[in-house]
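From a predicted model like this one, the values you see are computed outputs, not experimental measurements. Hydrogens, waters and symmetry mates play no part in the numbers below; they use all other heavy atoms, side chains included. In each ligand, atom 1 is the first atom listed, and ligand 1 is the first ligand listed.
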Amino acid sequence: MTKVIRFIRANLFLIMVVMGYGGLMVINPQMSLQGIKNSEYYIKEMLMIMPVIFVLTALLDTWIPKETIMKYLGKEAKVKGTFLAFLLGSISAGPIYAAFPFCVMLHQKGASIKNIVIILSSWAVVKIPMLLNEAKFLGMKFMIIRWIFTVISILIFAWITQKIVKDEDLPHREEVAQKGLFINKDTCMGCTVCTKKYPDVFTMDGKKASIKAYNDLDQQLLHKTIETCPVKAIQYNE
Ligand code: SF4
């Protein structure tokens with residue numbers, strides 16, 4: 001019984017979606033089938049894109065030092081940080097959900113909440129390829145005016161968000177002082193990469209990774225797994 005309750009709690013949103021489709025199937029079967037087809041399309045797209053995003057995020061995390069992120073995107077970066085955040089979001093490619101693990105990594109390395117909002121918002125609405133298409137279909141004047149007002153709105157929303165949302169409200173890396181292997185459950189996004197890389201040690205417990213009972217650890221494989229975690233949720237203190 002407890003297992004069933006735990007399963008329902010962990011998958012509440014999914015269950016609600018399935019029930020929604022079920023209800024719609026009774027009222028309007030055609031619309032429900034169209035909805036299922038659309039969901040299938042997006043799930044396939046995510047399955048193709050997300051592994052690449054996780055690997056790229058992990059590589060950037062390894063290559064770019066924390067000091068660099070703090071200097072250029074941190075709270076002290078001021079106008080320089082705002083400009084860089086706009087640039088990063090505008091030149092990006094791919095769907096907006098691909099930006100989330102990337103932004104988690106940037107925030108954990110010192111990027112400010114204001115700059116995270118700017119990256120996400122410009123990724124969603126002022127991407128350069130999108131602007132070119134907009135100018136082609138709706139005209140240059142429309143595109144420029146919309147761009148100016150959108151950028152002003154993004155700056156205002158970013159400022160307000162920074163006032164309301166604190167750094168502690170976002171998933172953060174908790175440094176654990178005791179020895180051993182740990183997973184920061186707040187940070188883990190349940191991508192299952194670790195369970196595929198090192199299945200003898202990592203498993204999924206609902207939507208989060210957890211650690212199996214282990215005797216010996218293959219140090220090389222463990223460090224590779226730690227490096228591949230896109231949000232650096234795995235910590236190992238020898
Ligand atoms: S701990 Fe495992 S499941 Fe969680 S984010 Fe890292 S690699 Fe993905």
Participant: Nearest protein heavy-atom contact for atom 4 (Fe) of ligand 1: which residue, which atom, what distance?
Facilitator: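 Protein heavy atom with the smallest distance to atom 4 (Fe) of ligand 1: C188 SG, 2.4 Å.
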Participant: Using a 4.0 Å cut-off to any heavy atom of M189, which atoms of ligand 1 qualify?
Facilitator: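 It comes down to these atoms of ligand 1: 4 (Fe), 5 (S).
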Participant: Can you tell me if an N/O/S atom from C194 lies under 2.8 Å from atom 8 (Fe) of ligand 1?
Facilitator: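 Here the distance criterion (N, O or S atom, under 2.8 Å) is not met by C194, so no.
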Participant: Please list the nearest protein heavy atom to atom 6 (Fe) of ligand 1 with its residue and the distance rounded to 0.1 Å.
Facilitator: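 For atom 6 (Fe) of ligand 1, the nearest protein heavy atom comes out as C229 SG, 2.3 Å.
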Participant: Starting from atom 8 (Fe) of ligand 1, find the nearest protein heavy-atom neighbour and note its residue, name and distance.
Facilitator: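 The answer is C191 SG, 2.3 Å.
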Participant: What closest approach, in Å, do N115 and G74 show between heavy atoms, and which atom pair accounts for it?
Facilitator: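 Nearest heavy atoms, N115 then G74: ND2-O, 3.8 Å.
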Participant: Would the number of heavy atoms belonging to other residues, nucleotides or ligands and lying under 6.0 Å from CE of M31 be above 12?
Facilitator: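 No, CE of M31 has 12 or fewer neighbouring heavy atoms, counting only those of other groups under 6.0 Å.
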Participant: Can E67 and K71 be counted as an ion pair, charged N to O under 4.0 angstrom?
Facilitator: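 A salt bridge is absent here (no side-chain N lies under 4.0 Å from a carboxylate O).
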Participant: Using the six-membered ring wherever Trp is involved, compare the ring planes of Y236 and H223 and label them parallel, tilted or perpendicular (cut-offs 30° and 60°).
Facilitator: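 Ring orientation of Y236 relative to H223: perpendicular.
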Participant: Charged N to carboxylate O under 4.0 angstrom, D205 versus K212?
Facilitator: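 Salt bridge absent between D205 and K212.
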Participant: For ligand 1, which atoms, with element, lie under 4.0 Å from some heavy atom of I234?
Facilitator: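 Taking each heavy atom of I234 in turn, ligand 1 has 1 (S) under 4.0 Å.
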